Structure formats: C-alpha cells, structure tokens
Amino acid sequence: CWPTALAATTEMDNFLVPAGVTPPAECAPGADDCTVHHVGRLTVTKSSDPASGSEVAPGDTITYTLTFANGSPNSAGAAMPVDYTDHLARVLDDATWQGTPTTSAGLTAELRGDTLVVTGNVAPGGTATVSYAVVVKGYPDQGDHDLLNVVAPTGLDPVCVPGSQLCTEHTVPPVTPPEPTDPPVTPTPTPTVPGTPSAPPSPTVPPATPTGPGTLPQTGTTVTPALV
C-alpha cells in the first residue's frame, strides 16, 4: 500500500500494488486499487495601504486587508476552516480604530480588546477577505511611533520575521517644528520738524476821516481860500 501526498495539487492518493511494483503516478477514475482524497490548503496573507514599510503621518488612514485563500482547485475538496487572530496592540497605541470590519461571505471578524478574531470557512478554490482601517494619532498621543501588526493562528504567539506575509509595519517620523521666522520690521517714523511761524500781518491804519470845521485836510488835497 503506497500513500502519496501531492501537496502542490492538494490531493492524497493511496495505491494497492504487489510488492516490488511501483504505483502509477495517478489513480485512474474508477480504479479499485487506489483511493483519492482532495484536501484544502489555506494560504493567509496580510497587506496594507499604504504598503508595509511606508512612513505615515498623524491623521493618515491605514487600511489593512487579511486574505484567506483555499488552494484546492477541486470542488470535491473540503472547505478550509479559518480561525486566526490579528494582533493590534502595537497598532492601537499609535492609531485609532475606525468603524467596523468589512468581511467576505463565510467569515466573521470580531474586535476583542486589542485583537481581531476571524473565524469561518473558505470553499475550495475560493478566497475571502477581511478589511478594516485605523487613523494615526497625533504625534504626542502615540506610543512607540511604530505600527507593527501580525496575524497568526488563534492560540499561537504572533511572530513577525523579515519578509513574512503575515505582518505589516509602518513608522511615524518625528514631527519637525517649523523654522522660527523673524518678526516683521516696523518702520521708524520720521520726526516732524515744526516750521518757523510766519510773522503776524502788519496792522492796517484806516485813512483819517474829516469830522468838521477846522479839521485839517487829508494829505494831497488842495484848499482854495474863499473870497470875502
């Protein structure tokens, strides 16, 4: 009896052959000397927008997506159970959770403290996703300014190794204060020199007016004596 597991095709074949005989590569349909079982193969990946490794700033939104794919191409294969936990402790110290997760059919996602627990099933050949978003806090309100996020099978310790598709990381660079600017220069007012006061006008002397006999004539008047 020769069991053969074909991980690349998610198929398990089992052959009954005489001793010393090499089994065939495949179990022919209807053959009575072999059995075939199709098995699922779950592939889990985590991505983000902006991409992992990017720098983010206060007020930025980061959208995370968990993808669960059943690699079995055969509809006779089994649906793959999903029971994963997304660990958010090092995200939520620097960012604020937004709204509720968006999930594909067959999956549920529940926020429990600083973890997101995803459960359900993925049909053979199917893909299901869970998406959610956070907004980066103001720099003084953040924890370590490093948003590290790891998804792992529920019950196992989250481990992020270089190049892993199960984790993302974003950093927040320090906020550089703006360069101080010189205050505007107020022009110094020019002192006003008072002008020299003009001399008062000369008084006007009205001409003399005769007032009666015996009054002297005005200048320039000729008087002719009267003959008696």
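In this text the structure is predicted, and so the values were computed from the model without any measurement.
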Undergrad: Can you check whether T168 reaches I62 side chain to side chain, under 4.5 Å on heavy atoms?
TA: no
Undergrad: Say you draw a straight line from OG1 of T171 to NE2 of H145; how long is it, rounded to the nearest 0.5 Å?
TA: 11.0 Å
Undergrad: What pair of heavy atoms forms the shortest contact from P50 to H170, and how long is it?
TA: O-NE2, 2.8 Å
Undergrad: Looking at G120 and L107, what are the two nearest heavy atoms and their distance?
TA: CA-CD2, 4.0 Å
Undergrad: Tell me, with the steps shown, if T154 and T85 meet side-chain hydrogen bond (donor to acceptor under 3.5 Å, both in side chains).
TA: CA-CA 5 Å; T154 299; T85 298; 2.8 Å; yes
Undergrad: Shortest non-hydrogen contact from L92 to G113?
TA: CD1-O, 4.3 Å
Undergrad: Rounded to the nearest 0.5 Å, what's the gap from CG on D157 to NE2 on H87? Could you check?
TA: 8.0 Å
Undergrad: Is it the case that over 12 heavy atoms from other parts of the model lie below 6.0 angstrom from the CD atom of Q165?
TA: no
Undergrad: Do W97 and V172 share a hydrophobic cluster (ILVMFWY, side-chain heavy atoms under 4.5 Å, transitive)?
TA: yes
Undergrad: How many angstroms lie between CD in Q98 and OG1 in T63, if you round to the nearest 0.5 Å?
TA: 10.0 Å
Undergrad: Could you check whether any side-chain heavy atom of Y84 comes within less than 4.5 Å of a side-chain heavy atom of V130, counting everything from C-beta outward?
TA: no
Undergrad: Is it the case that the side chain of S52 and the backbone of E169 share a donor-acceptor pair, with hydrogens and angles ignored and the cut-off at 3.5 Å?
TA: yes
Undergrad: Please give me the minimum heavy-atom distance between Q142 and P58, naming the atom from each residue.
TA: NE2-CG, 4.0 Å
Undergrad: Do T65 and T67 have side chains that get closer than 4.5 Å, going by heavy atoms?
TA: yes
Undergrad: Would you say V56 and L88 are hydrophobically clustered, going by side-chain heavy atoms of ILVMFWY under 4.5 Å?
TA: yes
Undergrad: Decide side-chain contact (heavy atoms from CB on, under 4.5 Å) for L166 and V159; before the verdict, give the C-alpha distance in whole Å, the side-chain angles of both, and the deciding distance to 0.1 Å.
TA: CA-CA 9 Å; L166 298 177; V159 178; over 6 Å; no
Undergrad: So which of N121, L42, T119 actually passes side-chain contact (heavy atoms from CB on, under 4.5 Å) with P81?
TA: N121
Undergrad: Any side-chain to backbone donor/acceptor pair from S104 onto T129? Under 3.5 Å, distance only.
TA: yes
Undergrad: Are any side-chain N or O atoms of D94 and backbone N or O atoms of G143, one a donor and one an acceptor, separated by less than 3.5 Å?
TA: yes
Undergrad: Side-chain contact test, heavy atoms from C-beta onward, threshold under 4.5 Å: evaluate it for V44 versus L66 and give yes or no.
TA: no
Undergrad: Which pair of heavy atoms, one from L148 and one from C160, lies closest together, and at what distance?
TA: CD1-SG, 4.2 Å
Undergrad: Determine whether L111 and Y132 make a side-chain contact, defined as any pair of heavy atoms from C-beta on separated by less than 4.5 Å.
TA: no
Undergrad: Out of curiosity, F68 CZ to T43 OG1, how far, rounded to the nearest 0.5 Å?
TA: 11.5 Å
Undergrad: Between V151 and Y64, is any pair of side-chain heavy atoms under 4.5 Å apart?
TA: no
Undergrad: Give the minimum heavy-atom separation between A78 and N70, together with the two atoms involved.
TA: O-ND2, 3.2 Å
Undergrad: Sorted by first residue and then second, give each salt bridge (Lys or Arg N to Asp or Glu O under 4.0 Å) pair with at least one member in residues 45-74; sequence neighbours left out.
TA: K46-D86
